[in-house]
Structure formats: structure tokens, C-alpha cells
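Let me begin by presenting the structure, written as C-alpha cells, before commenting on it.
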Amino acid sequence: MKLYIKQQVFSWGDKFFVKDENEQDKYFVQGEVFSLGKKLHINDINGNEVAFIHQKLMSLMPRYFVFKGGEQVAEIVQKFKLFKPAYVVNGPDWKVEGNFNAHLYRVFHGEDPVINIEKVWFTWGDSYVLDIDESTDEVLALAVVLAIDAATQQQNSSHNSSINIKI
């Protein structure tokens with residue numbers, strides 16, 4: 001099954017729809033604007049929360065938690081690597097490999113790919129295609145991809161920010 005994400009370019013906080021293969025709205029993702037750490041609510045089309053993503057603030061490397069029905073179901077941890085980030089998803093025991101800055105990566109359960117993520121180029125705003133294995137929890141897959149995207153954005157913004165001191 002495939003999900004399509006198109007994030008809005010100019011929005012106050014994170015607000016966007018996730019569409020299904022028929023281009024119908026399936027989920028609505030909304031971030032909390034004034035919160036400590038990144039917080040994202042994933043709602044179904046009827047407005048029911050199906051997952052919640054919360055960033056742990058006091059952590060050396062980015063760390064996100066995914067909750068479904070009030071229970072933690074996954075922890076996404078960025079591992080320390082010298083040249084490129086790597087992620088592990090505790091809970092479902094997934095590993096993530098690929099190029100995160102290019103939004104071209106895969107999530108594996110053991111040796112089996114369960115999610116394939118690709119960025120769609122030449123679109124207004126960030127657009128992604130998630131190809132999810134039929135046996136994989138679709139909401140969990142979506143939440144993990146959103147958490148990895150948030151961690152990648154956080155890392156890119158921290159590398160791009162600099163302080164200029166003039167004497």
C-alpha cells in the first residue's frame with residue numbers, strides 16, 4: 001500500500017494531509033506550535049487521533065517516541081555515526097538505511113524491507129511516497145517516517161546554523 005505526503009511550504013507549525021493511492025485524504029497531521037520539543041498528532045479523516053509523536057528533549061542524539069492508544073509502541077533513536085545518520089526503531093525492532101537528506105531510505109524488519117520512502121522532486125513543498133508492506137502497521141509506519149523526518153530536519157537546522165562573531 002502507498003501513502004503520499006505533501007507538506008505545506010508556508011504553514012504555522014506542521015499541518016498537512018496524508019493521501020492514499022486514490023489521492024483521497026486518509027490522515028491529517030498537525031504539530032503543536034508552542035511546545036517544548038517536536039509533537040505531532042496523527043488523526044484519521046474523522047478527527048480521531050491514531051498516533052502521537054513526541055520528541056525527548058534531554059537526549060544527546062535525537063530521540064522520538066510513538067504512542068498509539070496512549071501506549072508507547074516505538075522509540076526512534078538516531079545512532080552516532082561520523083559521516084551520516086543512522087536510525088534504529090525500538091519496539092518493532094526495525095533498522096533504517098539510506099540517504100535521509102535525500103529522503104530516499106528503507107526500513108527493514110530483519111532482512112525484509114517493510115517501508116520504502118522516496119522524495120518526489122520538482123514539487124512545491126516537500127512531497128514523499130511511502131510504499132508500505134501489506135503486513136506492516138500503516139499508522140506505525142507513517143509515524144516512524146514522520147519522526148525520522150523531524151530528526152533529519154533538526155540535524156540539518158543545527159548544522160546550518162552558525163554564529164558570526166565580529167571583532
Test side chain to side chain contact (heavy atoms under 4.5 Å, CB included) on Asn43 and Asn48 and set out the steps. CA-CA 5 Å; Asn43 298 316; Asn48 302 311; over 6 Å; no
Go through it in stages, so that I can follow the logic: the residues are Tyr128 and Asp149, the test is side chain to side chain contact (heavy atoms under 4.5 Å, CB included), and I'd like the CA-CA distance, side-chain angles, deciding distance and then a yes or no. CA-CA 11 Å; Tyr128 311 96; Asp149 186 58; 3.5 Å; yes
If we only count heavy atoms from C-beta on, is the [X] to [Y] side-chain gap below 4.5 Å?
X: Glu75; Y: Arg63; result: yes
X: Arg106; Y: Ile117; result: no
X: Leu142; Y: Tyr27; result: yes
X: Val18; Y: Phe28; result: no
X: Val29; Y: Ile5; result: no
X: Lys38; Y: Tyr64; result: yes
X: Val77; Y: Asn90; result: yes

Heavy-atom pair with the smallest gap, counting every atom of [X] and [Y]:
X: Ala147; Y: Ile76; value: CB-CD1, 3.9 Å
X: Ala141; Y: Leu130; value: O-CD2, 4.5 Å
X: Ala74; Y: Val89; value: CB-CG1, 4.1 Å

Passes side chain to side chain contact (heavy atoms under 4.5 Å, CB included), Val114 versus Trp94? Steps please. CA-CA 9 Å; Val114 292; Trp94 293 344; 4.0 Å; yes
To the nearest 0.5 Å, what is the distance between [atom1] ([X]) and [atom2] ([Y])?
X: Tyr87; Y: Ile148; atom1: OH; atom2: CD1; value: 7.0 Å
X: Phe65; Y: Lys56; atom1: CZ; atom2: NZ; value: 5.5 Å
X: Asp137; Y: Lys68; atom1: CG; atom2: NZ; value: 3.0 Å
X: Leu146; Y: Ile53; atom1: CG; atom2: CD1; value: 4.5 Å
X: Tyr4; Y: Asn22; atom1: OH; atom2: CG; value: 9.0 Å
X: Glu97; Y: Phe108; atom1: CD; atom2: CZ; value: 5.0 Å

Could Lys95 and Glu111 be called an ion pair, given the rule that one side-chain N must be under 4.0 Å from one carboxylate O? yes
If the threshold is 4.0 Å, N to carboxylate O, is there a salt bridge linking Lys26 and Asp20? no
Consider only side-chain heavy atoms of I, L, V, M, F, W and Y, link residues closer than 4.5 Å, and tell whether [X] and [Y] are in one cluster.
X: Leu140; Y: Phe67; result: no
X: Val96; Y: Val139; result: yes
X: Val73; Y: Ile42; result: yes

Run the side chain to side chain contact (heavy atoms under 4.5 Å, CB included) test on Met1 and Glu21 for me, step by step, so that the C-alpha distance in whole Å, both residues' side-chain angles and the decisive distance to 0.1 Å come before the verdict. CA-CA 7 Å; Met1 72 194 103; Glu21 294 181 75; 4.0 Å; yes
Check each of Lys39, Glu32, Gln72 against His54 using the side-chain contact (heavy atoms from CB on, under 4.5 Å) test, and report the only one that passes. Lys39
Distance-only polar pair, side chains of Gln30 and His41, donor-acceptor under 3.5 Å: no
Give a yes or no on whether His109 atom NE2 has more than 12 heavy-atom contacts from other residues, nucleotides or ligands under 6.0 Å away. no
Judged by atom type as modelled, is there a donor-acceptor pair below 3.5 Å linking the side chain of Glu138 to the main-chain atoms of Ile132? no
